[in-house]
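Every chain is numbered from 1, with letters handed out A, B, ... down the list of sequences. Please read all numbers here as calculations on a predicted model, not as lab measurements.
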Protein chains: 2
Amino acid sequence: MATYAKGRERRAEILRVAREVFATRGFRSASLAVIAERAGLSEPGLLHHFPSKDHLLTAVLEERDDSEIERTRRQVEEEHRSRAEALIDLCRRNATRPEMVQLFTVLAAESVDAAHPAHEWFVERYRMIRALLVDGLEQEQREGRLAPDANLEQLAIEIVAMFDGLQLQWLLDRERVDMVAPFERFIARALPGPPPPRR
Amino acid sequence: MATYAKGRERRAEILRVAREVFATRGFRSASLAVIAERAGLSEPGLLHHFPSKDHLLTAVLEERDDSEIERTRRQVEEEHRSRAEALIDLCRRNATRPEMVQLFTVLAAESVDAAHPAHEWFVERYRMIRALLVDGLEQEQREGRLAPDANLEQLAIEIVAMFDGLQLQWLLDRERVDMVAPFERFIARALPGPPPPRR
DNA sequence: GTCTATACCGGGATAGAC
DNA sequence: GTCTATCCCGGTATAGAC
C-alpha cells in the first residue's frame, strides 16, 4: 500500500519533469538521462515506470490538460458564458502557464514530420479541436449571432491559427508581445458578442 | 577556377540538403551524417565547407529567402499592389513551397528555448517583420484606409500570428486545411481593400 | 577538397543483483 | 522499485594522408 502510493508519486514526478524537459528541448533531443536525474532517480529506474521514451511521451500527452478543453466546454454549457468569452479566458489562462504553452507549441511543430512519434496524435488533436469549434459556431449561427452563410470550418481554422500563432510570438518575446489583447480584438471581430441581434 | 566553381556548387548542394533535413528533423536532432550522405560526400568533407553544425545552421538561415520579404516590399513600392494583396500573394507562394514553410515553422518553435543556437536570430527576425508591417500599416493609416486610432503594433502581431498559425495547421493536415482562403478572409477583415474611402 | 581513421561523448535500452 | 554495470548505437569533431 505504502509502496503503491510511493510509486504513484514517483510516476507523477517523472511526468512533471518530462513535461519540463520536452517543453524546452522537444521530444527528440530531450534525454532520459536528464529527466531521470531531475526526477531524482537513475535511468533504469525511470524506465521501470515508463518502459521506453515513446511511452513517456504518450503518457505526457495523454495526461495533459484536455481538462482545459473540458473546462471551456463547461463554461459555455453550464455557466452560460459566451463562446467568445470562454476562448478569451483560455487564452488568458495560458498566459499564466508559459511552460504548458511551450510544451504544445514545440511538440506540435516537431510533430509535423510524419515520422514523429506524436504525429498522428497532433493531427487528430487539431481535427478534434476544429470540430469542437465548428459545433460551437453552428450553435452561434442558430442563435443568430453568425451569418447563416458563414464558412464555419474556415472560421475554426482561423481561430486555432490565431491562438497558436500568438503563442509562438509570445513565447519568443514575452516582453514585447502580449497575446491576450490581440486575441480579444481578433475574437471581437470574428465572433459578435452575446447580445443576439434577433432580426 | 574549375575547382572554385565546383566548391561553390558543393556548398550550394550542401545547403539545399541541410534545409531539407533541418525542416524534417529540426536542428538539434538533425545529423551531419545524414546531410553529408545525401549531399554525396563524407562527414569530414562536409565539415570542410562548414566547420561546425552551428555554422551550417547559420548559413541556412542567412541564405534563406529574405528575398521573399524583399519581393513583397517590391510588389508594394514598385508594382503598386496593395499591402493586402502582397501579403496574400506571399501566403499563396508559401502554399507551393511546403518544405520552406516547414523549415521555418519547425526551427522557430525549436528556437523558443533560450539556449537554442538560433534563438536570438528568430527573436530578431520576428521583431523585424513586425516593424516592417507596422511601417506599412502606418502608410495605410495615412492614406485613410485604417482608423487613425488603430493599434498598429497589435495588428502586426495578429497578422504574423495568423500567418504562422495557418502554416502549422496546414503542414499537419494539408488535405483538410487550406491556408490561403482563411488568410484572405482574415486580411479582408483586418485590412480594408485598395479603394481609399477618402472622407 | 575530400578522404579514412579515430577520438570521444552521449543516447536508449537491457541484464541481473539487491 | 531501484540500482550498477554494460551494450551498442549514433552523434560531432579532429588528425592527417592523398
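For A/Glu9 and D/dT2, the CD to C1' distance is 16 Å, given to the nearest whole Å. The CZ-C1' distance, from A/Phe50 to D/dG1, rounds to 14 Å in whole Å. Note: CG (B/Leu46) to P (C/dC3) measures 10 Å, nearest angstrom. For the pair A/Leu56 CG and C/dA13 C1', the interatomic distance rounds to 14 Å; values are reported in whole Å.
Salt-bridge annotation for B/Glu184 and B/Arg92: present, with a side-chain N of the basic residue lying under 4.0 Å from a carboxylate O of the acidic one. Salt-bridge annotation for B/Arg19 and B/Glu63: present, with a side-chain N of the basic residue lying under 4.0 Å from a carboxylate O of the acidic one. Ion pair A/Glu68/A/Arg97 flagged as a salt bridge, since at least one NZ, NE, NH1 or NH2 atom sits closer than 4.0 Å to an Asp/Glu carboxylate oxygen.
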Using a 4.0 Å heavy-atom cut-off, write out nucleotides 11-18 of chain D from 5' to 3' as B (base contacted by protein), S (sugar-phosphate only) or - (no contact).
-> SBBBB---
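Side-chain N/O atoms of A/His48 include one lying less than 4.0 angstrom from OP1 or OP2 on D/dG1. OP1 or OP2 of D/dT2 sits under 4.0 Å from a side-chain N or O of A/His49. Of the side-chain N and O atoms in B/Arg10, one or more sit less than 4.0 angstrom from OP1 or OP2 of C/dT2. One finds a side-chain N or O of B/Ser42 lying less than 4.0 angstrom from the OP1 or OP2 phosphate oxygen of C/dC3.
Rounding to the nearest 0.5 Å gives a distance of 3.5 Å between CZ of A/Arg71 and CZ of A/Arg93.
At a cut-off of 3.5 Å, with distance as the only test, a side-chain donor of A/Ser52 or A/His55 sits close to an acceptor on the other residue. Of the N and O atoms on the side chains of B/Gln154 and B/Glu158, not one donor lies less than 3.5 Å from an acceptor on the other residue. Under 3.5 Å, the side chains of A/Gln169 and B/Arg130 contain a donor-acceptor pair of N or O atoms.
Remark: side-chain polar atoms of A/Lys53 are not paired, donor with acceptor, to backbone N or O of A/Leu47 under 3.5 angstrom.
Using five terminal pairs a side, the axes of the helix from C/dG1-D/dC18 to C/dC18-D/dG1 at its two ends make an angle of 0°, given in steps of 10 degrees.
Evaluation of the side-chain hydrogen bond (donor to acceptor under 3.5 Å, both in side chains) rule for B/Arg74 yields no partner, not counting sequence neighbours.
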